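The model shown is predicted, which means the values in this text are computed figures rather than measured ones. Chain letters run A, B, ... following the sequence lines, proteins first, then strands; residues in each count from 1.
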Protein chains: 2
Amino acid sequence: MGRQNRQKIMQDGDDKKDGAETVKGTQTLMRALDIMDEVIDGPIRAADLARKLGMSKTTAHRLVQALKSRNYLSVTRDGFALGPKLLQLGVLATEQIDYVRVARPFMELLSERTGFCVFVGKREGDWSRHLERVTGTQRLRVATAPGDRRPVAETGLGKALLLDEVEATWERLYVEAKDGKVTPAQIQAYVAEMRGHKARGEVLHDSELGDGVRSIAVPIRDAKGQICIAISIASAAHYLTDDLRPGLAEQVMRSAELISGAVGYSGPR
Amino acid sequence: MGRQNRQKIMQDGDDKKDGAETVKGTQTLMRALDIMDEVIDGPIRAADLARKLGMSKTTAHRLVQALKSRNYLSVTRDGFALGPKLLQLGVLATEQIDYVRVARPFMELLSERTGFCVFVGKREGDWSRHLERVTGTQRLRVATAPGDRRPVAETGLGKALLLDEVEATWERLYVEAKDGKVTPAQIQAYVAEMRGHKARGEVLHDSELGDGVRSIAVPIRDAKGQICIAISIASAAHYLTDDLRPGLAEQVMRSAELISGAVGYSGPR
DNA sequence: GCGGGACGTTCCATATAGAGGAAAGCATAT
DNA sequence: ATATGCTTTCCTCTATATGGAACGTCCCGC
């Protein structure tokens with residue numbers, strides 16, 4: 001039985017035996033939510049649900065009727081599908097969600113594993129805003145504080161936030177960040193560099209302030225597949241060396257994927 | 001015990017989304033969904049949930065933990081909020097939903113109450129596509145069939161679909177529909193008319209084909225607040241007279257509101 | 001026409017899942 | 001320090017949810 005898009009989303013980060021921790025005394029609810037999970041894969045008939053989930057037809061029927069009566073499911077020609085109530089909840093959840101809160105535990109984990117400072121930030125128009133920081137175990141710390149705003153084109157976090165943009169936008173933002181004082185060759189180089197980042201899905205950035213700060217940044221995607229925030233690790237280039245880089249990039253990307261999953265991203269469609 | 005249940009009035013054919021119906025044997029699920037409904041209004045603490053919903057703190061706690069473990073809820077500084085799972089479900093529901101199927105029962109109701117033909121249609125670029133029709137009880141029927149496509153600016157349904165557009169767009173589409181053969185005065189008149197429709201949230205349209213067909217159309221909004229389809233009633237101007245119009249418009253608007261609600265719209269924000 | 005299979009629905013006796021009281025932790029306010 | 005309010009755990013008892021059985025309906029093949 002190809003079970004495929006079941007994703008386990010970490011919630012609090014500090015559960016020793018995460019696994020299948022079950023809140024007891026909620027069989028009915030859990031079964032109903034199992035049904036929702038099956039329906040995610042597309043319309044399905046009640047009898048199939050009963051089989052797949054190992055419950056009696058009666059129970060499947062009862063739960064499905066209950067969910068339908070609340071508009072969590074709707075009836076279609078070929079079985080039950082996700083219902084209109086979820087549209088409402090989805091939109092409201094989009095408004096209520098606090099990306100930083102979701103990302104926090106993952107940031108701590110990443111920081112713990114790598115020892116580096118971890119940041120998340122979001123895009124504000126042509127700017128990149130630092131939202132949260134977890135300081136690593138290293139003596140050397142990157143000073144950027146939550147709240148800081150920098151031109152989106154010239155930070156690692158910012159570049160990650162731009163990966164979905166078209167090249168013309170990269171160019172425009174780069175020129176604006178440099179206040180127009182750029183040569184065509186520099187623009188060329190910048191765009192080429194961004195192209196490389198995009199291909200790898202990961203940004204390696206050396207600070208242009210000459211302070212020797214280097215960072216690896218990766219975008220995080222929301223339920224709609226759009227980049228909503230980005231995560232990065234940063235340190236002195238002295239620590240974040242070229243030979244460490246592949247392994248670290250791998251870890252940052254994995255963290256980003258986990259966070260993306262936790263905010264509802266379900267892969268490119 | 002042995003309670004005799006003689007409540008068996010509702011045939012399955014016409015379930016109104018009133019919410020009064022109760023599927024028995026699902027207390028736990030229903031309570032959990034009640035919790036979701038409360039959380040919709042914003043973050044809320046477990047104890048408040050218990051009070052509002054008339055359940056023990058223990059029960060509220062258990063359900064809330066269960067919902068959290070499935071990511072239907074998330075914990076915030078000031079209580080429980082909608083969780084990331086809903087982002088995923090919301091997006092998927094958006095893809096799966098069949099507006100016509102949702103609208104159908106409401107169309108039938110409206111047709112039954114008014115006696116007129118009822119239509120729904122959606123916008124396809126600069127065109128309006130008729131999606132579904134429910135023929136009324138009147139001898140005279142409007143011939144427009146599902147599948148028909150007309151310039152969006154020159155049907156009642158189409159105009160309703162345009163109510164959110166800026167005036168420049170109204171003008172452009174009107175001119176295009178008329179193949180450019182319009183005087184500035186006509187454009188002025190058209191835009192003024194649309195302004196009136198927008199103000200009332202309802203379109204009164206007399207066919208420009210000279211066949212004496214008149215319609216009342218109202219837009220339907222999706223969970224994001226955007227106009228996704230529109231509903232209309234149509235008949236000969238002879239039947240759809242000026243004195244009937246206010247009452248009919250009222251009924252069409254109410255239907256549109258109900259359908260909007262059924263597809264997740266929750267009012268202007 | 002008839003019989004068999006699949007699905008949705010209703011009924012009912014029963015076991016068990018879930019409700020809630022009581023009380024222990026944990027904060028933040030007075 | 002004491003108090004107030006929230007979360008969390010434990011435990012008992014019954015209201016609740018469960019699944020087998022049976023019925024209605026549709027569709028297919030014979």
Salt bridge flag under 4.0 Å for residues B:Arg70 and A:Asp34: yes

Nearest-Å distance for atom pair CG/P, residues B:Leu67 and C:dG18: 13 Å

Length of the NZ-P vector between B:Lys57 and D:dC11, whole Å: 19 Å

Axis-to-axis angle between the two ends of the helix from C:dG1-D:dC30 to C:dT30-D:dA1 (five base pairs per end, rounded to 10 degrees): 40°

From D:dG19, C:dG8, C:dC7, nucleotide with atom closest to A:Ala46 side chain: C:dG8

Touch class at under 4.0 angstrom, heavy-atom based, for A:Thr28 against every strand present: sugar-phosphate

Whole-Å gap separating C1' (C:dA19) and CE (B:Met30): 18 Å

Polar pair under 3.5 Å, donor/acceptor by atom type, side chain A:Thr58, base D:dG20: yes

Rounded distance in Å - CE (B:Met55) to P (D:dT16): 13 Å

For atom CD of B:Gln65 and atom C1' of D:dT9, their distance in whole Å: 12 Å

Heavy-atom donor-acceptor pair, B:Thr26 side chain to B:Leu29 backbone, under 3.5 Å: no

Residues B:Lys85 and A:Asp37 bridged, charged N to O under 4.0 Å: yes

Residue mapping more 5' on DNA chain C - nearest nucleotide basis, A:Ala47 or A:Leu29: A:Ala47

For atom CG of B:Leu63 and atom C1' of D:dT7, their distance in whole Å: 15 Å

Check: B:Phe119 and B:Met107 side chains under 4.5 Å, non-hydrogen atoms: no

Nucleotide nearest B:Arg45 (side chain, heavy atoms from C-beta), chosen from D:dT9, D:dC6, C:dC7: D:dC6

N or O in side chain of B:Gln27 less than 4.0 angstrom from C:dA19 OP1/OP2: yes

Atom-pair distance (NE2 on A:His61; C1' on D:dA22), nearest Å: 15 Å

N or O in side chain of B:Arg77 less than 4.0 angstrom from C:dT28 OP1/OP2: no

Sugar-phosphate only, base, or nothing, as touched by A:Arg62 at under 4.0 Å among non-hydrogen atoms: base

B:Arg45 with B:Asp48: basic N within carboxylate O range, under 4.0 Å: no

Result of checking B:Thr76, B:Leu87, B:Leu67, B:Val39 against B:Leu82 for side-chain contact (heavy atoms from CB on, under 4.5 Å): B:Val39

Whole angstrom value for the distance that separates P of D:dA15 from CZ of B:Arg31: 13 Å

